[in-house]
Amino acid sequence: MRAEWDTYFMQIARVVASRATCDRKLVGALLVRDRMILSTGYNGSIRGMPHCDEAGHMLENGHCVATIHAEANAILQAAKNGVGIDGADIYTTASPCWPCFKLIANAGLRRVIYGEFYRDDRIFEVARRVGIALVDLAAPAPDASLKTTA
C-alpha cells in the first residue's frame, strides 16, 4: 500500500531528524511545495562549533540554547541556496517552538505538519489568526504488513 503524501513526507522528516546533533531532542524538518522537497533541516550547533552531543549542552531554563532548531535550519538552507519557499508546507517531527513559528509565519509557509506536540500553545491561536493550517500527524503504529524480510 502506498503511503499518503503527509505520511510519506513525515517519514522523511524522521530520517532527517536522525542527523540532529543535540541529543536532548532529535528533530527534523522538511520544506515541501507541490510534492517536491525544497529543503531539509535538523537541530544542531552553529556551523563550525562543536556539537552538543560531543561538547555538552548550553542550558537555559532547562532548554539547550546552543542549537539552531530544525525548522530554522530548513528555512536557512533554502535561503542560502536561493530556494523560494513562499506557499510551501513544513513537516516537522515536533511542533515548532514560538521563535520558530514566527519564522515559519513570516517565511510565508501555509501548513505546519507535525509529528508530536512540543511545548508552545501560542502557535494555535496565532496560526488561526494568520491562516496557517496546523496538522497533528502523530506517529502511527508500525504496520506489520510493511515489514520486509531478508
Side-chain angles (χ1 to χ4, degrees), residues 1-47 49 51-53 57-58 62-148:
M1 172 164 45
R2 291 179 75 186
E4 187 271 328
W5 285 107
D6 282 346
T7 302
Y8 170 74
F9 288 123
M10 184 57 70
Q11 288 172 343
I12 295 171
R14 288 186 182 109
V15 172
V16 171
S18 72
R19 293 284 306 151
T21 62
C22 183
D23 54 7
R24 288 180 52 87
K25 184 137 186 88
L26 305 179
V27 180
L30 193 71
L31 294 172
V32 175
R33 187 177 47 235
D34 299 326
R35 299 180 182 160
M36 188 167 71
I37 297 170
L38 304 174
S39 181
T40 65
Y42 51 85
N43 55 325
S45 297
I46 295 170
R47 234 179 252 271
M49 295 295 292
H51 300 300
C52 296
D53 54 5
H57 302 280
M58 183 186 304
H63 300 285
C64 183
V65 296
T67 62
I68 300 172
H69 289 184
E71 303 92 333
N73 268 328
I75 292 168
L76 289 166
Q77 286 303 308
K80 184 175 187 234
N81 292 308
V83 176
I85 60 172
D86 189 38
D89 298 336
I90 187 165
Y91 292 81
T92 182
T93 57
S95 62
C97 67
W98 181 239
C100 286
F101 180 80
K102 293 186 292 184
L103 292 174
I104 288 165
N106 274 14
L109 303 182
R110 65 182 181 91
R111 282 194 327 146
V112 177
I113 304 92
Y114 61 92
E116 69 173 277
F117 176 72
Y118 179 44
R119 70 173 185 216
D120 206 317
D121 289 325
R122 291 177 284 190
I123 66 172
F124 297 107
E125 173 61 20
V126 176
R128 185 189 63 73
R129 291 178 64 187
V130 299
I132 296 174
L134 296 176
V135 179
D136 184 351
L137 198 65
D143 184 346
S145 68
L146 297 179
K147 290 183 180 177
T148 60

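Small disclaimer: the values here were computed from a predicted structure and weren't measured.
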Next on the checklist: Rounded at 0.5 Å granularity, tell me how far OG1 in Thr40 sits from CD1 in Ile90.
Outcome noted: 10.5 Å
Item to check | Considering all heavy atoms, the nearest Gly84-Leu38 contact | outcome: O-CD1, 3.8 Å
Item to check | Closest heavy-atom pair and its distance - Pro96, Asp120 | outcome: O-CB, 4.4 Å
Checklist entry - Would you say the side-chain atoms of Asp89 pair up with the backbone N or O of Ile113, donor to acceptor, closer than 3.5 Å? => result no
Checklist outcome for this item: Output for pair (Asn81 CG, Ser39 OG), nearest 0.5 Å, gives 7.0 Å
Item to check | side-chain hydrogen bond (donor to acceptor under 3.5 Å, both in side chains) pairs, two or more places apart, involving residues 63-75 | outcome: His63-Arg119, Glu71-Thr92
Checklist entry - Can Val32 and Trp5 be said to form a side-chain contact (heavy atoms from CB on, under 4.5 Å), step by step? => result CA-CA 11 Å; Val32 175; Trp5 285 107; over 6 Å; no
Checklist entry - What is the distance from atom SG of Cys97 to atom CD1 of Ile104, rounded to the nearest 0.5 Å? => result 8.5 Å
Checklist entry - Are His51 and Asp23 close enough that a side-chain donor and a side-chain acceptor fall under 3.5 Å? => result no
Checklist outcome for this item: So ring-ring contact (aromatic ring centres under 6.0 Å, His included) across residues 12-47, not counting sequence neighbours, yields none
Checklist entry - Is the backbone of Arg14 close enough, under 3.5 Å, to the side chain of Thr93 for a donor and an acceptor to pair up by distance? => result no
Item to check | salt bridge (charged side-chain N to carboxylate O under 4.0 Å, His left out) involving Arg19 - partner list, sequence neighbours excluded | outcome: none
Checklist entry - Within a strict 4.5 Å, meaning less than it, do heavy atoms of the Asp6 and Arg111 side chains meet? => result yes
Next on the checklist: Could you measure the distance from the CG atom of Leu109 to the CD1 atom of Ile132? Nearest 0.5 Å is fine.
Outcome noted: 7.0 Å
Checklist entry - For Ser45 and Cys52, which heavy atoms make the closest approach, and how far apart are they? => result OG-N, 3.6 Å
Next on the checklist: Looking at Tyr8, I'd like to know if its OH atom is crowded, meaning that more than 12 non-hydrogen atoms belonging to other residues, nucleotides or ligands lie closer than 6.0 Å.
Outcome noted: no
Item to check | Nearest atoms (heavy-atom pairs only) where Leu31 meets Ala74 | outcome: CD1-O, 3.5 Å
Next on the checklist: Evaluate Ile12 against Tyr91 for side-chain contact (heavy atoms from CB on, under 4.5 Å), listing each step before the verdict.
Outcome noted: CA-CA 9 Å; Ile12 295 171; Tyr91 292 81; over 6 Å; no
Checklist entry - Could you walk me through whether Phe124 and Leu134 pass the side-chain contact (heavy atoms from CB on, under 4.5 Å) check? => result CA-CA 8 Å; Phe124 297 107; Leu134 296 176; 3.5 Å; yes
Checklist entry - In this structure, are over 12 heavy atoms from other groups packed under 6.0 Å from Asp34 atom CG? => result no
Checklist entry - Going from OH on Tyr114 to CG on Leu137, what distance comes out if it is rounded to the nearest 0.5 angstrom? => result 10.0 Å
Item to check | Minimum heavy-atom distance between Ala72 and Cys100, given as atom pair plus value | outcome: N-SG, 4.2 Å
Next on the checklist: Ignoring hydrogens, what is the shortest heavy-atom contact between Ala13 and Leu30? Give both atom names and the distance.
Outcome noted: N-CD2, 4.3 Å
